[in-house]
Amino acid sequence: MNNTVIEAQGLIKSFKDGSGRTFNAVDGVNVEVGSGEIIGLLGPNGAGKSTLIDMVLGLTKPSSGTVRTFGGTPHQAIAHGRIGAVLQTGGLLPNLTVRDTIRMIAATHRNPLPLDTVLDQADLTHLADRKVVKCSGGEQQRIRFALAILSSPDLLILDEPTSGMDANARHTFWESMKTQASSGRTIVFATHYIEEAQNFAQRIIMVGNGRVVVDGPTDDVRAHAAPSQVSAVLPDDVEASSLPGVQSVSIDGDRTTMTTDQSDELARHLLTRTGATGLTISAGSLEDAFLALTTDRPEASFAGSDHTH
Amino acid sequence: MNIAAFTLIDLRRTLADRSGVVFSVILPVVFYLLFGAMQDYAEAPLNDGNTAAYVMIGMAVYGGVVAACATTGNVVVEQSTGWGRQLALTPLPTPAMLASKGVIILVRALLPVLAVNIAGLFTQADMPAGEWITCAVLAVVVALPFGFYGMMFGLLFRSESAVSISSTALVILSFIGNAFSPLPEFLMGLSRFTPLYGASSLARYPLTDGIQAISDGTGTVTDPLWYAVVNVIAWTLVFSGACAVLSRRQKERK
């Protein structure tokens, strides 16, 4: 059984910039997404996230390479209502009510969810008769979400789904996404909020300059890319930089902080072979990993990390 | 899939723009009353009808054309705000969407044409019923190519102002196309090459058999039917061609 939801091979999209030079917004992306995966797509502005999403949705034609969704073209998957998407720039008609907006898009689907169900799932029931133009940014984002789930899609693609939402609304949104995920949907979301990716995604794909910089399970990405910090008060006779696995050392008073990607080994060594005291270990955050990966290294991969589950 | 429901909501939304709709209906009616019904020449006979009927058809065409142009202009502006992307994510096939928009343009164009013709019924306008109906139907049909005209401006300017620019230009085109008040004979040579000449001459043909009112000489000239037909076809091709080129150019840049 083929349960590949998205399959992108050698995907390139080039644009002409103002001076007529071409540049590759997406520059050779190979990605495979399996059924039921929840993927966080991270990358700085202009990294190519939105262009990549546009190609997966068939809104933009690749300059070269192929995208297949559910084994067919994106267009076919859209026609069968298998993909729902919340786009960053997905426009809404300002003078239409929330209810009419949903009814209008529902009319384009074969078997849309009942209006009340969608309103409820997107927490819009109390706003149904309000005009879109009178809705806040976060509320409009919920309308886009409502439109995305109308066809009960197998794949949900969300480009910055929580932009314009306050902390409370973001929390509620991710709670409702958990419901979506538990029904077995494949979810791909692009976000600026690294915390959201860390909390919700099982797998992280980081893009920078149009390329996939990192692709792996969230925990692995964090562990591999962002070194842990081991901090302790060391006896005078221990030279921190010569300890196993230490990448860098900083000293603050009598406390020495070492960065390492082998925190367990280093801690064991310190506690069993040296007289180190007051030892603490802190895991690197995804944010550190993100910064490290998108600024320093052009490409990194985790051989052997199983990211298709 | 329910195209009818889709179209109906869209239509209701278009018609919810009260001021736009009222303006597009009232203006041609007022023009007809001012330049047709209230004039001394209103009851002057013209073939089987009278001059008021001649003016009425011209104003109906103007009204239909403005409505068609404003409707598509707004559609393009909407598309550029991202609604087009939203629709592109639905299973709605492009032909179905075009048909849906066609219905909306038709209804929008129908409103002013109906209004002007009703105003004609209650005033001096007179011609045989068959000709009357044919002229009214033709007035709606010749308005449709101006959907492309409105789209062209929308693609060019991509803002609300596109609609007002294109609508204002239509007033000038109506004068030069001899759809409003009669032009002096020397301008007819130019007039015949302008888009509103074809639209108004064709819609008037059942009544006039080609007669054009002019402001000097004997007061009329008679043009063959093919002038109007070729004019309408040529401008339809020009407008639709311009739209095709512009939308391709925009897609490449995007």
Side-chain angles (χ1 to χ4, degrees), chain A residues 13-18 20 22 25 50-51 53-54 56-61 63 74-97 99-112 131-132 140 143-144 147-148 150-151 153 157 159, chain B residues 1-22 70-101 103-104 108 154 158-160 163 247-254:
Chain A
K13 179 67 189 180
S14 44
F15 289 115
K16 282 193 171 71
D17 64 10
T22 58
S50 292
T51 310
I53 286 176
D54 278 4
V56 171
L57 293 171
L59 293 173
T60 301
K61 270 213 180 88
S63 303
H75 190 77
Q76 286 166 338
I78 297 272
H80 287 100
R82 301 196 74 177
I83 308 181
V86 174
L87 297 179
Q88 224 177 327
T89 53
L92 298 168
L93 297 171
N95 56 358
L96 213 55
T97 62
R99 184 195 309 276
D100 279 349
T101 304
I102 296 172
R103 282 181 54 213
M104 204 169 156
I105 297 297
T108 67
H109 289 289
R110 273 189 198 88
N111 294 306
K131 284 199 170 168
V132 170
Q140 293 191 5
I143 301 172
R144 294 192 183 96
L147 300 181
L150 265 173
S151 65
I157 296 184
D159 195 358
Chain B
M1 210 176 292
N2 191 342
I3 305 294
F6 180 84
T7 309
L8 222 62
I9 298 170
D10 204 12
L11 187 63
R12 213 173 59 202
R13 182 180 69 86
T14 320
L15 297 180
D17 169 26
R18 291 280 147 71
S19 56
V21 173
V22 168
T71 310
T72 51
N74 280 327
V75 168
V76 175
V77 174
E78 271 160 33
Q79 297 276 319
S80 67
T81 61
W83 182 244
R85 280 162 67 86
Q86 198 76 61
L87 288 181
L89 292 174
T90 69
L92 190 68
T94 310
M97 192 176 92
L98 289 179
S100 168
K101 285 296 176 197
V103 169
I104 287 164
R108 280 294 305 269
R158 299 232 160 222
S159 67
E160 302 286 338
V163 180
S247 67
R248 191 170 314 140
R249 201 184 70 182
Q250 234 121 28
K251 264 186 201 137
E252 273 165 20
R253 201 184 288 155
K254 173 81 216 310

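Residue numbers start from 1 in every chain, and the chains themselves are labelled A, B, ... in the order their sequence lines are given, proteins ahead of strands. Atom set for the values below is all heavy atoms of this structure, side chains included, hydrogens, waters and symmetry mates excluded. Remember, predicted model here, so these are calculated numbers, not experimental data.
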Taking Thr14(B) for the side chain and Asp10(B) for the main chain, is one N or O donor matched with an acceptor at less than 3.5 Å? yes

Please identify, among Leu93(A), Leu96(A), Leu57(A), Asn95(A), the residue contributing the most non-hydrogen atom pairs under 4.5 Å to chain B. Leu93(A)

Portion of Leu59(A) that has a non-hydrogen atom of chain B nearer than 4.5 angstrom: side chain

Using modelled atom types and a 3.5 Å cut-off, is there a donor and acceptor pairing between side-chain atoms of Gln140(A) and backbone atoms of Val132(A)? yes

Report the residues that fulfil side chain to side chain contact (heavy atoms under 4.5 Å, CB included) with Val103(B), sequence neighbours left out, ordered by chain and then residue number. Thr7(B), Val107(B)

For Ala88(B), which atoms come within 4.5 Å of any heavy atom of chain A: side chain, backbone, both, or neither? both

What residue, out of Pro74(A), Ala79(A), Gly81(A), Ala148(A), has the most heavy-atom pairs lying under 4.5 Å from chain B? Ala79(A)

State whether Asp54(A) and Lys13(A) are salt-bridged, where the test is any N-O pair (Lys NZ or Arg NE/NH1/NH2 against Asp/Glu carboxylate O) under 4.0 Å. no

For chain A, the option from Leu92(B), Ile9(B), Leu87(B) that forms the most heavy-atom pairs under 4.5 Å: Ile9(B)

Applying side chain to side chain contact (heavy atoms under 4.5 Å, CB included) to Val75(B) and not counting sequence neighbours gives Gln79(B), Lys101(B)

